[in-house]
Structure formats: structure tokens, C-alpha cells
There are 2 protein chains.
Amino acid sequence: MALSFISPLLPHHDHNRCREKALQTADRICDNRGVRLTPMRRQVLELIWESHKAIKAYDLLERITPKAGTTKPVTVYRALNFLMEQGLIHKVESLNAFIGCSFSDHQHQQLLLTCSNCQEVEERPAEAVMEAIDRELEQASFTIYYKAIEIHGLCTHCAKIDATANHIIE
Amino acid sequence: MALSFISPLLPHHDHNRCREKALQTADRICDNRGVRLTPMRRQVLELIWESHKAIKAYDLLERITPKAGTTKPVTVYRALNFLMEQGLIHKVESLNAFIGCSFSDHQHQQLLLTCSNCQEVEERPAEAVMEAIDRELEQASFTIYYKAIEIHGLCTHCAKIDATANHIIE
DNA sequence: GTTATTATGTTACTATATAACATTACTTTA
DNA sequence: TAAAGTAATGTTATATAGTAACATAATAAC
Ligand SMILES: [Zn+2]
Ligand SMILES: [Zn+2]
Ligand SMILES: [Zn+2]
Ligand SMILES: [Zn+2]
């Protein structure tokens, strides 16, 4: 129980395990759904999972290996669209960047906490928030298709550094 | 009491009054703060307030009158940045577009409801949602700088049309 | 009026994303 | 298993969004 409640954003968490789990889950999900996690799509997902920082399409583009530099934007965007459709990644709308989904194995809604200092993004189900939004939408008689709940600020770790030293950039 | 509770998004509301009120409020706010709502900035604000639809920077650009077509992107973005700093407009991050703020005369937090059919955006204070977010951020020990709460879907009006006829574009 | 500050103009560029059509790789089924 | 159909990727070109750096103009402060 203890370990599984450690936030993925703790600075020294076992990110290899984090990434491997996400990739295995992706393999399984795509297999179950009869959709193809092709080498290109998987590589984009792997690159996204190299950290919890949101990554931009053109940064992915530079890092795709089959003759790095020859892959074109549209290829990356197609892979990104596939991964979003399958719920394997999320777009951070306010950054034009992408993160791996931490809860891809079940239907969920998420709030994204983006640290302006370290750029890491924490995805949280925030159920109480989602319920409050549902109530608000009901009052407004609004039929929801898509939701982007994004918060920018300082994560715990960076806020502590900020309190100690005093050299936050942003 | 009755009139003031009519949603600004009702199809036939008195939008002239809506716009004039917003512009007068902007004049007053800028005057009070000792900042300058220059002709360029005011024109951008006027163009934004022509409707409740979110409008894109390059669409504004096309509509700026001093020799329409000669104004450069940077001019519009500078005006937009000023208006955002003064809280007179909001950016809809998930659309790369802008709307006039409906509550610029007091400090507030907002949730944005964007209709995928008619493109109108309704700004709502949604205090219960904001409180739920505050609690979530406290739990996460996250220090907030900026918040984007954006919902896409169908407004009441368009949902009704959808129910009657059946030709929603999206 | 001169100086400082703020706003806008100008040129050039960087960054983000898609359209349209050709080719390749997989899947289906005769 | 060959042919046909479908899905994925490649290719070329373009559309859309946003900024850097420096010049000029307008306003404010002294
Ligand atoms: Zn991790
Ligand atoms: Zn997720
Ligand atoms: Zn109105
Ligand atoms: Zn507002």
C-alpha cells in the first residue's frame, strides 16, 4: 500500500518502472481494442514517457530515431492523435504539449498540475472537482464533450526550493 | 432582478448593451489604474466584444481598421497581452482564441463553457468548482499561479436545436 | 522644452498544426 | 496465395499562431 501512494512527481521515484508500466499497459489496451500500436506510435509514446515533463510535438520530432531529422511533423501529429484517441496521452492545452496518461487503464477525468519551475505535470483524478463541475454544467444545461482543467504554479518540491534558496526562474 | 439574470448567451439578448457596458467598464478600470486604453487597445477590445464567440488573433488582425491588412501580428498580440494583464479579456487556451471578460470589475476566477456548435463562450464564476479546486491544490501542496478551466460541448440553445433537427456540425 | 517612458511600427523569424495526395504495409477474402 | 481493400506512413506544400530585435512615434514627467 505505502509505495503505490508515492506521488509520481517525487523527485527520486522509480521512473523506469513508471515508464515500463505505462508501455505495457498501452500494449495491452491496444491489443484488447484491436488497434495497432505501431513502431512509430510506440516510439512517440516512449519518448513522451521519458519523463513527467510535458513535451512538445516538435521536440518529439527531433528525437524520433529512424534517421532523426527526416520524420515530418504530420507523422508525429498523427501518432499523437492516435495516442490521444486511445487515452494513452493527454494534451496540455495551455502549453501545446503532451504528457503520458497515468490512468490509461480506466475511464477517468483529470486535472493537470503543471509546475512552472520544473515543467513536470501531475495528473490527478480530483473527483470532488469533477463532481462540482458536473453540478455546474447541470445548472448551465451544458452538454459536455471535452474538458481541460489545467493549473500552473509550483509543485511541492519546487516550492520548497523556492522557500530555501530564492532563484526560481518563471 | 429578472433581466440581470438572463444569461448573456441567450440568442436574442441585448448585446449592444452588453458590449457598451464592457467598454465603459474598461475605460473606467484603466483610468482608475492609471494605465492607457489606447485607440489600438480599445479597438481590439471592441472587436472582441462584437460577440460572445471566441475570436482568434489573426481574425482580429484582419478587422483592425486603420488601413485593414497593414497592422502586423505583433501589434495585436501586444494589445491582447495588455488586455489580459488588465483582466479585460481571457484567453481560451484550448482554442487559441480570446473572449471579453464578463466580470472585469471585480477579482474572480472563471470556468469557460464553449459551444462546439455556435462557438459562443459563457464565462461562469462557478464558485463551488473553484473551492473544490482549492481543496485539491491544498491536498497536493501545489502553489497556484494560473488556472484554465475549459469545457467544450453544446450550449442549451444548440442542444435544443440538436434534439429537434439533427444537423450539428462540430 | 527637454528627457524619460510607454506604445506602436517594421522586418524578420520561430513555433504549431493541417491539407492533399502518393506510397507502403497490413488484413481480408476469394 | 493473389488480389483487393483498408490502415498507416511518406511527401510536398501550406496554414495558423506567436515572438525577437530594433526603429520610430506618442505621451508623461520634470
Ligand atoms: Zn515517473
Ligand atoms: Zn489520464
Ligand atoms: Zn452579449
Ligand atoms: Zn473573467
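Chain naming here is simple, since letters A, B, ... match the order of the sequence lines and numbering starts at 1 in each.
Legend: residues meeting side chain to side chain donor-acceptor pair (under 3.5 Å) with A:T156, ordered by chain and number and at least two apart, are absent. With sequence neighbours excluded, no residue forms a side-chain contact (heavy atoms from CB on, under 4.5 Å) with A:H12. Residues meeting the ring pair (Phe, Tyr, Trp, His ring centres under 6.0 Å) test with B:Y146, sequence neighbours left out: A:H152.
Atom OG1 of A:T114 sits about 5.0 Å away from atom CG of A:L95, to the nearest 0.5 Å. Atoms CD and CD1, from B:Q110 and B:I99 in turn, are 7.5 Å apart once rounded to the nearest 0.5 Å. The line from CG of B:N81 to NZ of B:K91 is 9.0 Å long, rounded to the nearest 0.5 Å.
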- Nucleotide by nucleotide, 5' to 3', does protein get under 4.0 Å of the base (B), only the sugar-phosphate (S), or neither (-) in nucleotides 8-23 of chain D, counting heavy atoms? SBBBB----BBB----
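For A:H15 and A:H13, the side-chain atoms include at least one donor-acceptor pair closer than 3.5 Å.
Counting only heavy atoms from C-beta outward, the side chains of B:S104 and B:I29 approach each other to under 4.5 Å.
Heavy-atom contacts of chain B under 4.0 Å fall on DNA chain C between two terminal nucleotides, which in 5' to 3' order are C:dA7 to C:dT11.
Fit an axis to the five pairs at each end of the helix from C:dG1-D:dC30 to C:dA30-D:dT1 and the two axes sit 30° apart, to the nearest 10 degrees.
Heavy-atom neighbours of A:E20 CD from other residues, nucleotides or ligands within 6.0 Å: above the threshold of 12.
Ion pairing between a basic and an acidic side chain is recognised when a charged N comes within 4.0 Å of a carboxylate O; B:K147 and A:E150 show no such pairing.
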